[in-house]
Each structure stands twice: as structure tokens, then as C-alpha cells.
Amino acid sequence: MDELEKIRQKKMKEMMEKMLGEKPKVEFPDHPITLNSSNFNEVLKKYKYVVVDFWAEWCAPCRLIAPTIEDLAKEYAGDVVFGKLNTSEEQGIANRYAITAIPSLIFFRNGKPVDKIVGAIPKGDIIRWIRKNMV
């Protein structure tokens, strides 16, 4: 699906909701959410598609892909929610998902992890990975 078609579908959905007097049930952020032990499970339950960026401040490759994650959060707002989890501060969650290298991105569908990529991956590869997992 190209970008123009995606925008068209989003606008059509908004118009239909307006015509039917319905309001969107869930607000989708257009920026990465900071995740921690108090909100991690809630975010996974609330949204169908969530990409979690496991990172740390001391990690240079993590800082390298941070702008890409910001861009993708804007581009996929309304479809995919992006979250950032600092592995130095949330080691328990990182251990639960076997994070042994960062940056690691895990794609969650309906609260369950379905795919994982590790490393500073180019934006185009991340987009293909997201699309592959949105089924």
C-alpha cells in the first residue's frame, strides 16, 4: 500500500466515523511512548500493533535509529504504536523478552510478540518488517 492510499483510507475512515456520529475509541500517539513496568502491559493490551524499541542511553546504535523510530511513529500514527523501553531501567521486561543485544525491535500483535529484529536497521527495512507483520 503506497502512502497516498494509506492517507486516503485514513481520511475515509474519519469521514465515516463523523457521518455515523462515532468517535474513535482509542487515541493513537504520533510519537513513541516511553514504556516502563507500570504501563508496558496496558499499552500492549490497548493497541493491536505495537513496536517496542528496546534501547539504552549509552548505546550509540540506539541513538542512531532513534530519529527513524520518531519518523515511523508519525507515519504510522493510527495504525501502529511505537514504544521505547530503556533496558537499563527495566531489566525485568528486557529479560522476559530475551533482549541480549540492543537496539532490538519487537513487533507485538494483540499483545503477543510476533517478530524481532536486532541492530541499527535502515528505515526501509524496518518499514518492510512492519508491513510484513501487519496481518
Side-chain angles (χ1 to χ4, degrees):
M1 172 184 332
D2 68 355
E3 195 63 29
L4 190 57
E5 178 65 16
K6 184 177 168 187
I7 292 168
R8 188 187 72 71
Q9 287 181 357
K10 187 175 180 180
K11 289 294 181 186
M12 181 65 84
K13 182 180 172 185
E14 290 171 2
M15 288 184 344
M16 292 299 292
E17 288 170 348
K18 199 174 208 179
M19 283 176 41
L20 297 172
E22 297 174 7
K23 294 182 181 176
K25 293 168 182 61
V26 178
E27 281 292 318
F28 280 82
D30 64 353
H31 60 280
I33 299 171
T34 300
L35 298 174
N36 54 48
S37 57
S38 65
N39 70 354
F40 186 81
N41 292 328
E42 175 186 326
V43 169
L44 293 183
K45 287 177 188 173
K46 185 174 183 179
Y47 301 103
K48 181 174 183 176
Y49 301 124
V50 179
V51 173
V52 178
D53 174 14
F54 291 84
W55 70 287
E57 285 189 38
W58 51 263
C59 168
C62 298
R63 290 193 307 271
L64 184 67
I65 70 163
T68 299
I69 300 302
E70 293 277 342
D71 289 347
L72 291 171
K74 287 181 181 70
E75 291 174 27
Y76 282 91
D79 294 319
V80 179
V81 171
F82 289 78
K84 294 183 69 73
L85 185 122
N86 187 325
T87 58
S88 295
E89 296 173 358
E90 299 292 344
Q91 293 176 4
I93 296 172
N95 289 338
R96 183 184 332 157
Y97 293 101
I99 302 301
T100 57
I102 52 175
S104 286
L105 301 177
I106 296 182
F107 192 98
F108 290 86
R109 185 183 317 121
N110 297 319
K112 304 218 182 312
V114 294
D115 205 359
K116 176 179 174 179
I117 54 176
V118 178
I121 309 296
K123 184 176 180 179
D125 292 345
I126 296 173
I127 289 171
R128 282 186 287 283
W129 175 75
I130 290 169
R131 288 180 181 164
K132 175 185 85 162
N133 286 295
M134 289 178 69
V135 289

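Sequence positions, counted from 1, serve as the residue numbers for this chain. Remember, it's a predicted structure, so these values are computed and weren't measured experimentally.
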How long is the span from the [atom1] atom in [X] to the [atom2] atom in [Y], to the nearest 0.5 Å?
| X | Y | atom1 | atom2 | result |
| --- | --- | --- | --- | --- |
| Asn86 | Trp55 | CG | CH2 | 4.5 Å |
| Glu42 | Leu35 | CD | CG | 10.5 Å |
| Arg96 | Ser37 | CZ | OG | 9.0 Å |

Are Ile106 and Lys116 side-chain neighbours, meaning at least one heavy-atom pair lies under 4.5 Å?
->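 Ile106 reaches Lys116 side chain to side chain.
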
Side-chain contact, heavy-atom cut-off 4.5 Å: Ile102 with Trp58?
->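 Yes; the side chains approach each other to less than 4.5 Å.
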
Partner residues of Lys132 under the side chain to side chain donor-acceptor pair (under 3.5 Å) criterion, sequence neighbours left out =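 Applying side chain to side chain donor-acceptor pair (under 3.5 Å) to Lys132 gives Asp115.
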
Tyr47 side chain to Asp79 main-chain N or O, any donor-acceptor pair under 3.5 Å?
->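 Not confirmed, Tyr47 side chain does not pair with Asp79 backbone.
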
Report yes or no: do Val118 and Ile99 belong to one cluster of Ile/Leu/Val/Met/Phe/Trp/Tyr joined by side chain heavy-atom distances under 4.5 Å?
->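 No: no chain of side-chain contacts under 4.5 Å links Val118 to Ile99.
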
On a heavy-atom basis, which atom in [X] and which in [Y] lie closest, and how many Å separate them?
| X | Y | result |
| --- | --- | --- |
| Arg63 | Glu57 | NH1-O, 2.7 Å |
| Phe54 | Ala94 | CE2-CA, 4.3 Å |
| Pro113 | Phe108 | N-CD2, 3.5 Å |
| Pro103 | Cys62 | N-SG, 3.6 Å |

With a cutoff of under 4.5 Å between side-chain heavy atoms, which Ile, Leu, Val, Met, Phe, Trp and Tyr residues group with Ile121?
->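 Once heavy-atom contacts under 4.5 Å are chained together, Ile121 belongs with Tyr49, Val51, Ile65, Ile69, Leu72, Tyr76, Val80, Phe82, Leu105, Phe107, Val114, Ile117, Ile126, Ile127, Trp129, Ile130, Met134.
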
Salt-bridge present (Lys74, Asp71; N to O < 4.0 Å) =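 Looking at Lys74 and Asp71, the cut-off is not met.
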
Asn36: partners by side-chain contact (heavy atoms from CB on, under 4.5 Å), with sequence neighbours left out =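 Result, side-chain contact (heavy atoms from CB on, under 4.5 Å) vs Asn36: Ser38, Asn39, Glu90.
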
